Colleague: 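Below is a structure I'd like to ask you about.
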Amino acid sequence: MGRAEELYNLGQSIWYDNIERSMLDDGSIARMIESRQIYGITSNPSIFEKAISSGSAYDSAIQTMASSGLDKEQIYTRLVIEDIQKACDLFKLLYESSGGNAGYVSLEVSPLLAHDAAATISDARSLWAQVNRKNLMVKVPATREGLKAIRTLTSEGININATLLFSIERYQEVMLAYIEGLEDRLAKGEEIRQIRSVGSFFVSRIDSNVDQALADLEKETNNNSRHLRGKVAIANAKLAYQAWKKVTKTERFQALQEFGA
């Protein structure tokens, strides 16, 4: 048993924050799944941009699509959908054997829509329908507008990965949107047992900014703040975990658990 598998048995799932066609084609990702090194994959537009532009794995497909008259946006979307579908299929056995608790692949809506709830909902619905895999998670930025999208999409049975989470307050709002989405779905007489959600709470970016602020303050005041560097983000994440535990113990969420939440 590897360390990733040991962590999984303790309730931690290691996800791979990268996806590219060459790794899907040469069996690299399949081997990581089979050896239980990873339990999910997450992606975003910048990951795909790097993958498509840095190698030749996509060249043939791009040429074929371009010659058929597709524009660059259509080509990009089709390439992304194909990669996500392949990844979902590779994780299918893990997804099924875990009872839907592992084996997810995340695909992000367009970040250009982060402040447009209606457009985000429309884009997420489209991605969900095109990928057509139960172990897909659609990443939605946790902006104020994104909260409405998270609630609506959850009520429609779409697995949501709420991304760009930095503050405890916004995380609490995301959890509430998820709960409200489940309640809305139950009110329509529909199942919630199969729905899963992830809150992507950022860590490293917080320390990157806070550490720089501490360094600047040090120069201004001549006070040594080195002992505080690299600590704020972890402390913030611990508080987020406590917030999660508090919400899952509420009567409101426990009522949903009776229906499989």
Side-chain angles (χ1 to χ4, degrees), residues 2-5 7-8 12-62 64-65 70 72-111 120 123-141 150 153-154 156-164 194-200 202:
R3 296 192 69 181
E5 194 168 3
L7 283 171
Y8 180 74
Q12 302 281 333
S13 295
I14 301 297
W15 285 26
Y16 188 49
D17 192 28
N18 186 35
I19 188 169
E20 53 186 87
R21 186 157 297 191
S22 60
M23 297 184 71
L24 290 166
D25 292 342
D26 68 12
S28 297
I29 291 178
R31 287 190 292 272
M32 285 193 285
I33 296 171
E34 291 166 4
S35 61
R36 293 297 185 263
Q37 296 179 56
I38 58 173
Y39 288 81
I41 281 181
T42 185
S43 67
N44 59 47
S46 62
I47 287 174
F48 275 113
E49 180 185 19
K50 181 179 179 181
I52 293 171
S53 63
S54 62
S56 59
Y58 296 88
D59 291 356
S60 177
I62 290 173
T64 299
M65 292 180 196
L70 298 182
K72 62 182 181 180
E73 292 295 333
Q74 292 172 320
I75 292 173
Y76 170 79
T77 300
R78 185 169 295 186
L79 292 174
V80 168
I81 295 298
E82 290 175 354
D83 280 5
I84 294 296
Q85 287 177 326
K86 288 180 183 178
C88 284
D89 291 343
L90 290 174
F91 275 108
K92 183 179 180 181
L93 182 60
L94 176 60
Y95 169 76
E96 292 176 341
S97 65
S98 69
N101 290 321
Y104 287 93
V105 181
S106 287
L107 172 60
E108 189 167 347
V109 297
S110 171
T120 294
D123 195 33
R125 287 170 175 163
S126 176
L127 293 174
W128 179 259
Q130 289 181 76
V131 175
N132 193 27
R133 300 292 190 276
K134 293 180 180 179
N135 56 331
L136 173 69
M137 272 195 175
V138 180
K139 292 175 79 172
V140 173
I150 291 167
L153 295 167
T154 299
E156 295 176 3
I158 298 175
N159 303 312
I160 297 299
N161 181 338
T163 189
L164 293 177
Q194 79 284 3
I195 303 173
R196 298 293 185 275
S197 184
V198 165
S200 288
F202 280 55

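Just so you know, these numbers use all the heavy atoms, side chains as well, and skip hydrogens, waters and symmetry mates. What you see is a predicted model, and the numbers here were worked out from it, not measured in a lab.
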Colleague: Within the distance-only criterion (no hydrogens, no angle test), does the side chain of Q85 pair as donor or acceptor with the backbone N or O of Q130 below 3.5 angstrom?
Modeller: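 Such a contact is found between Q85 side chain and Q130 backbone.
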Colleague: For residues 26-39, which residue pairs qualify under salt bridge (Lys or Arg N to Asp or Glu O under 4.0 Å), counting only residues two or more places apart or in two chains?
Modeller: none
Colleague: About how many Å separate CD1 of I29 and CE of M23, when rounded to the nearest 0.5 Å?
Modeller: 5.0 Å
Colleague: Once ring-ring contact (aromatic ring centres under 6.0 Å, His included) is applied, do any residues pair with F91, and if so which ones, sequence neighbours excluded?
Modeller: none
Colleague: Answer yes or no: are there more than 12 heavy-atom neighbours, outside K134 itself, under 6.0 Å from its atom NZ?
Modeller: no
Colleague: Name all residues meeting the salt bridge (charged side-chain N to carboxylate O under 4.0 Å, His left out) criterion together with E5; count only those two or more places apart in sequence or in a different chain, and write none if there are none.
Modeller: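 Salt bridge (charged side-chain N to carboxylate O under 4.0 Å, His left out) list for E5, sorted by chain: empty.
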Colleague: How would you list all residue pairs meeting ring pair (Phe, Tyr, Trp, His ring centres under 6.0 Å) that involve residues 17-38, not counting sequence neighbours?
Modeller: none
Colleague: Can a donor-acceptor pair be found, under 3.5 Å and without considering hydrogens, that links the side chain of R78 to the backbone of A61?
Modeller: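 No; zero donor-acceptor contacts below 3.5 Å.
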Colleague: Looking only at the side chains, is there a donor atom on one of D123 and S110 sitting less than 3.5 Å from an acceptor on the other?
Modeller: no
Colleague: Roughly how far, to the nearest 0.5 Å, is the CG atom of D59 from the CD1 atom of I52?
Modeller: 10.5 Å
Colleague: In Å and rounded to the nearest 0.5 Å, what is the CG to CD distance from L24 to E82?
Modeller: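 Spacing of CG (L24) from CD (E82) equals 11.0 Å.
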Colleague: Going by the side-chain hydrogen bond (donor to acceptor under 3.5 Å, both in side chains) test, which pairs reach into residues 87-102, not counting sequence neighbours?
Modeller: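 Listed by first then second residue: D89-R133, N101-R196.
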Colleague: Quick check on side chain to side chain contact (heavy atoms under 4.5 Å, CB included): which of N44, I41, V80 does I19 satisfy it with?
Modeller: I41
Colleague: To the nearest 0.5 angstrom, please state how far the CG atom of L93 sits from the CD1 atom of I33.
Modeller: 10.0 Å
Colleague: Can you run down the ring pair (Phe, Tyr, Trp, His ring centres under 6.0 Å) pairs that involve residues 21-61, sequence neighbours left out, and say none if there aren't any?
Modeller: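 Checked against ring pair (Phe, Tyr, Trp, His ring centres under 6.0 Å) - neighbours excluded - the pairs reaching residues 21-61 are Y8-Y39.
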